[in-house]
Each structure stands twice: as C-alpha cells, then as structure tokens.
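Per chain, numbering begins at 1; letters A, B, ... match sequence-line order.
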Protein chains: 4
Amino acid sequence: MSTPPAPGGGRRPRADAERNRALVLAAARALFEERGEEVQMPEVARAAGVGVGTLYRHFPSKRALVEAAAEQRFAGILELARTDCTRDPEAGRGLARYLHHVGGTLAASPGLTAAAQSATGTSAPGGETRGALEEAVAALIAQGQAAGTLRADLTVADVYMLVGGLSGIIRTGSGDWRRFLDLAFEGLRPRGDGP
Amino acid sequence: MSTPPAPGGGRRPRADAERNRALVLAAARALFEERGEEVQMPEVARAAGVGVGTLYRHFPSKRALVEAAAEQRFAGILELARTDCTRDPEAGRGLARYLHHVGGTLAASPGLTAAAQSATGTSAPGGETRGALEEAVAALIAQGQAAGTLRADLTVADVYMLVGGLSGIIRTGSGDWRRFLDLAFEGLRPRGDGP
Amino acid sequence: MSTPPAPGGGRRPRADAERNRALVLAAARALFEERGEEVQMPEVARAAGVGVGTLYRHFPSKRALVEAAAEQRFAGILELARTDCTRDPEAGRGLARYLHHVGGTLAASPGLTAAAQSATGTSAPGGETRGALEEAVAALIAQGQAAGTLRADLTVADVYMLVGGLSGIIRTGSGDWRRFLDLAFEGLRPRGDGP
Amino acid sequence: MSTPPAPGGGRRPRADAERNRALVLAAARALFEERGEEVQMPEVARAAGVGVGTLYRHFPSKRALVEAAAEQRFAGILELARTDCTRDPEAGRGLARYLHHVGGTLAASPGLTAAAQSATGTSAPGGETRGALEEAVAALIAQGQAAGTLRADLTVADVYMLVGGLSGIIRTGSGDWRRFLDLAFEGLRPRGDGP
DNA sequence: GATGAATGAGCATTCATTCAT
DNA sequence: CATGAATGAATGCTCATTCAT
C-alpha cells in the first residue's frame, strides 16, 4: 500500500537531504561569522529555510554545527595552501603567503573564530582537514628552507602556534596582524641572515 | 591592652565591608581563572562566604566582577613590570622578562582571559591600569633600544599586539608560548643584528 | 470511518498550539482574577498543564499575558454590549444594562483589573476591542437619548469615565457599585426630567 | 549605671527622634506621590538623610510607611473639610467643595493613591482620621440637605463611594474628574429638583 | 524525512528587612 | 539611638534540544 521509492515519480531521494545540509551549513557559517556564538539554533534554521528538526538531523548539536562551519572555513584555507604550494616554489615565499591568507580569512570572520573557540575549546581544525593542512604547511616550510628564507629549525608546530597568535590578535583586535606577520617573519629567517 | 586598631580583632563599619569586597574578588578571581565565565554568581558568593546581595553591593553585575578580577590580574603584571624596569636596566632584557611574566600569568589563569574576553569584549586592561602599563612598557622598550637589544622601530602598540598573540596561543593551547617569545624576540632584534 | 477532522481525535500541528494558547490564557485569566499580579509565570504554566517555554512562546512577557487576559474580559463585555444594543432598543435602558454588566464583570474579577492596571498602566482595553466597544457604547447612548432616558450632552468619554469610577469603587471596595450606578443614572437623565 | 536623661548635657533626648520621623515621612510622601510603590526603602532613607535602620525604627515596614504617608494626606483633606464646614454653611455647597478638594489632592499625587492601594488593599483612610472625616462629611451632608441642595437619602457611605470612584478615575486617568463631579452632583440633587 | 511546538533547567539580578557595631 | 552592610528568597525569562505529527 505504501509507495516508498515510487517508480516513475521523480521526487528527490537523497539529493534534497544533501541540499538541506548545505543550506544549513551556509546559513550557519554566515551567521556565526557575523555574530558569533550568540546566534541561536532556531535562527539558523530560519535563515536556512528549514525547521529546527531538519537542522538537528544534520548536526546533532550546536557545537557540531559550529565545528562544521569552522571546518569549512579551514577547507577553504587548505585550498589556498595547496595553490600556494604549487606557485613558484623556488621563491620560498609560500609560507608568508599562506599566513597572509589565513590572516585575511580570520579577519573576515571574527565571530566564527570566537564561536569555535568557545564551543570547541579550540579554534584549530580537527579531523581530515587538520592532517591535510599539516602536510601542506610542511611542504611550504620545506620549500622555504630549501630557498633559504626560513630557519632550519622551524616546524609545523611553530606555524600552528603562529596561527594561534594571529587568531588571538585578530579576535581581540589587539593590533595590525600584518605587522605581526612582518615581525614574525623577521624571526623566522635563518639566523645571521641580516641585511 | 587597649586594642583599638587591633590586628585580627573585631571591627565592621568600613573595614569589614572592604574585607568582604576583597574576599569576593579573590573568590571570583580564583573561580574565573579555573572555570571561566561559566561560574555562577551565587557560586562566587558562596565561595567568598557572603550572600549574593553582598556580592552585588560591591559589583553591580557579573560583567563588573569579571572586569575587576581581570583588572586585578593586570595590576599584578604592572607591579612586575615596574620591578623589571628597575632591575639592571643596562642589560636591555626587561621587555623579555616582562613578556615572560605576562605569559606565565596568562598561562596560569586561562579561564579568566576567556571570561574577560566574552564579558568585556576584550581581554586587555582598561582604566588607570592600562595607562600605567603603557608607560611601563614604553620604558622597557626604551631601555632595550638603548641597550641595543631591540629594533628602533618597536612601539608600545607592537608589544600590545604581541601580548594579544601570546594570549591567543595560551588560550587556544596552540603551542609552547615560550617558543613563541623566542621566535618573536628574534624578530625584535635590531635589523642586521645576526651573529 | 474516515476521521480526518475528527472531533476529539488526535491532531497537533496547529490546532494543538492554538489549544495550548487557549489553555494558557484561560489558566492565566482564572489565576489573575483571583489573585492579581502576584501570580507567577511558572504557576500559570503549571495550571495550564504546559511548560513555561510554551507559555512564553504564546505570550512574550508577563505583561503581554495580563493584557491578553484583560482583553479577553473586555471581549466578553463587548459581546454583551452588542446583545444589549439589539434587545428592545426603544426602552432606552441599554446603557444601564451595559454598565451593570461591566460592574458585574469587574466585581467578579477584581484581581485582573488590578493586574492590568499595574502591568499595563491602565485597566482599559486597547486595540480593536477598544474601538468596537466605543462604537457599541455610542449606539447605546444614541438609543437612550432617542428614548429620552439620557441627557443630550452625554458622550462616550463620559461613559468611559464612569467605568473608570465603577472600576475604582469595585477594586477598592469602597461601596455598593449598584448604588453608584443608581446615583449616576440620576445624574444622566435629561435635565429637568424630575418626577 | 545608665545615664538616660543625662543631667547637664543639652543633647536631644526625644526631639531628634521626632524630627527624624517627620523627615522620613516627608521624604516618603514626596517620593510616593511622584513614583508610587516602586520607590525603595533605602531610597526613602537616603532622601530623608537617615539610614535605613532609622527609617525602620519609626516605621516597621514599607506598608506602614505608605499607610502613614497616605494618612497624612487624609489629615490635610480633613483640615479642609473642617474649614469648608464652617464657611457659609447656609449655601449648602460644602460637599461639592469638599469633593473638589479631594479630587485636587488625589490628582496632585496619583502615585501615593496607587501605593496605598497596593500596599494596604485600600486607598481609604483608617484609624482616627477616618472617624473624623466621617463626622465632617456627615456634617456637610446635613448642611446640604438642610439647604435643599442634596437628596434626603444621601449617606456618608455614598460619599465614601463617590470618593472611591473619583480616586479610580484619577488614578487610571479615565476622564476629567471635574466632569465626573458635575454629573454626580446632578444625581445628588433632591429628586424632582429640575430647573 | 521534515516540521516547529513544547520543554524546563538554569541564571542574573532585586529589595524588604535584620542586626552587629 | 543611628547606621548601612549583609542577607537570600524570590522571579521573569532564555534557548538548546526533543519528539509527536
């Protein structure tokens, strides 16, 4: 009596669910970027044009939603990291470009960083993105060291830490993050590499 | 036998009120340092051994209490800054010592930084403490520049920014903040000052 | 056997929400009538058999709930006013009947008047009910004047004021409000209309 | 051992207490008249220039203070009633003058009426003032009846009730209370006393 | 799957009143 | 007697999450 897959009726078996997930995530990201953690779940649902129930079907908690939004942002950064990796690697400026991308991205969405921080306990990526980013950064470091623009003892963890600092500066608005990167790169040069 | 000001004896009219204020502030600071903003007002009152009413008599809102706790922490830092100013100024290591103090202090109370950030919108000092700290830092910078350990274009704003970065690294646990300071001071040396 | 709208059967999506709203309003009205403003929101929710959240979904604040309850009472009065309008208009006793209805209603729920007064700042109706009541009263006045039972200069504002007086007498229990209406109607007769 | 009346020291044994009571009462009356029940006890104390403790020494509760303030206002009305009694009694207009005084007084201090109502449950006088007022009103009624301006069946209770109505009209701002008195006096004339 | 009404623990804040000094 | 700091019960409202339809 029930007509589940309904042969002939071109409904939308799974595509619609996927679409809803994307709608929710996009709405969440935009709202969190703008207003941070204060955004309420029903508000996200409304902005996405779905009910709260649907939202919770895709993201089991607010924390999960914030994490997903933050992760998406890191995915974008990863994209850029890979692009930067490839472009003229001999120049050894890849890491600088990478960190400027990160800074620009964070500066454009301070709310999301704060939300991730207070929901997740960290504003750093987790899961696959994290691993991929580390690989990409490792490559950038290696390039810089090969090109003689980065000190030999620089590690991925150091860069990770610098991003943490960058994020702090941007979120708290404690200064010009470009200046921060300039100072930092001064310290990242090979020792004895004065003018 | 006459115990008028009597250290430890009985009094109330004003001394006790002041004492209660201090008790509340101390309790609040300890709790906020440990668990951040989540600490509830009644809990602070209980820990201080007073009623909520007393707490509110001294601090009109949770925000005010968080601010006062954060300010107190900055006052401690200011103390150290002034001490550091005086001690062998010719060595030019004052700023480094200052930033290590700040790092140590922030690392010891991550919750308070977060609470201040989300209650106040900033984790930086305000009011008198701010001005005094800026003066102290300016002095440290001047000493370092005179001693040839700091680049000539370093400003108070730069240090302010570095503290923001330091705070971010510590709060997010994104790395070893001492390593961060090491890298940073590498970048703060006078240009061309390689080994 | 098909019970789609099924009187008494199972439904929810919207009908039940409406039902909850009505339950809350009824509970609120009963409680406010009895004990006035002192009634607490959780208590209303309990009496209505819903959670506080539901109560707040339908009425955004205590004030809104009190207003709605008061408005509902005025709607009842409006009903009676319209009925009174129709019944033997030639007798010219419509206004008297109206004011007796108002008196009876107010006397039966002193708490609600007080609650409305202190929550709203007035115990008079607002919105649509107000306009409709004024129309109804205007009609009653016109009838009375046509029948020669009311003085020609009597206005809706006068009646409004008398209701204010009636309300005051009832709320403060300063006397028999029926006696008040008797005296008042003595003063509302056309001038020179002594026996 | 105790030196109560302190022979020789011209301090202030009781006069000062009396003065404090008066100060508190005056402050309370002014504040309640202006802002009603919302005025807080510490605020009254501050306005009176005394501590809350002193306030509570003279008035055991907020309710008692409100009552005293209201009573004081009635005492003023009583004064006027007695004055009005005496002045050309043959004119028979004493009651009208009395009610206009009452109206004027109530209109000048709506907050106090409301405060008394909600603290005491009534806005009518109690204690001695009440008895004295009733006597005075009875005299005014008798004069009016003797002069032929008031109906024979008018009682003190009727006047009491009219004051309740007057108070309601003024407190709720439901109309021009002078118009109310005009209408009322129309109904208070001896029957058949048309022009 | 989607919906959104319902839930209810949780929390900052107020203010009449007390009582140690 | 005066003082005013301390008290703490009381209360309106929020919002992440659930679940009947």
### Query
If you check every side-chain atom of D:A17, which of E:dT13, E:dA5, F:dA2 has the closest atom?
F:dA2
### Message
Could you tell me how far apart C:F59 (CZ) and F:dC13 (C1') are, to the nearest whole angstrom?
### Response
16 Å
### Task
Would you please say whether a donor-acceptor pair under 3.5 Å links the side chains of D:R63 and D:T120?
no
### Task
Respond yes when some side-chain nitrogen or oxygen of C:R57 is under 4.0 Å from OP1 or OP2 of E:dA5, and no when none is.
yes
### Query
In terms of the nearest nucleotide of DNA chain E, which residue is placed more toward the 5' end: B:Y56 or C:V52?
C:V52
### Task
Would you check if the side chain of B:S61 reaches a backbone N or O of B:A64 as a donor-acceptor pair within less than 3.5 Å?
yes
### Query
Rounding to a whole Å, what distance do you find between C:K62:NZ and F:dT11:C1'?
8 Å
### Task
Return the value, rounded to whole Å, for the distance between atom CG of B:L65 and atom C1' of E:dT13.
13 Å
### Query
For DNA chain F, whose closest nucleotide is more 5', that of D:T54 or that of B:V50?
D:T54
### Query
What is the distance, rounded to the nearest whole Å, between atom CZ of D:R63 and atom P of E:dA16?
15 Å
### Message
Measuring from the side chain of C:N20 (C-beta onward, heavy atoms only), which nucleotide among F:dC13, E:dA6, E:dA16 has the closest atom?
### Response
E:dA6
### Query
Among the nucleotides E:dT17, F:dT17, F:dG12, which one has an atom lying closest to any side-chain atom of C:M41?
F:dG12
### Of B:P42 and C:H58, the one whose closest DNA chain E nucleotide lies more 5'
C:H58
### Query
Once you round it to whole Å, what is the distance between C1' of F:dA2 and CG of D:L23?
13 Å
### Message
If you define the side chain from C-beta out and look only at heavy atoms, does anything of C:F32 sit under 4.5 Å from C:L65?
### Response
yes
### Task
May I ask you to decide if D:A119's main-chain N or O and D:K62's side chain share a donor-acceptor pair within less than 3.5 Å?
no
### Query
DNA chain F: C:E38 or B:E18, which has the more 5' nearest nucleotide?
B:E18
### Query
How many Å lie between CD on B:Q40 and P on E:dC11, as a whole number?
3 Å
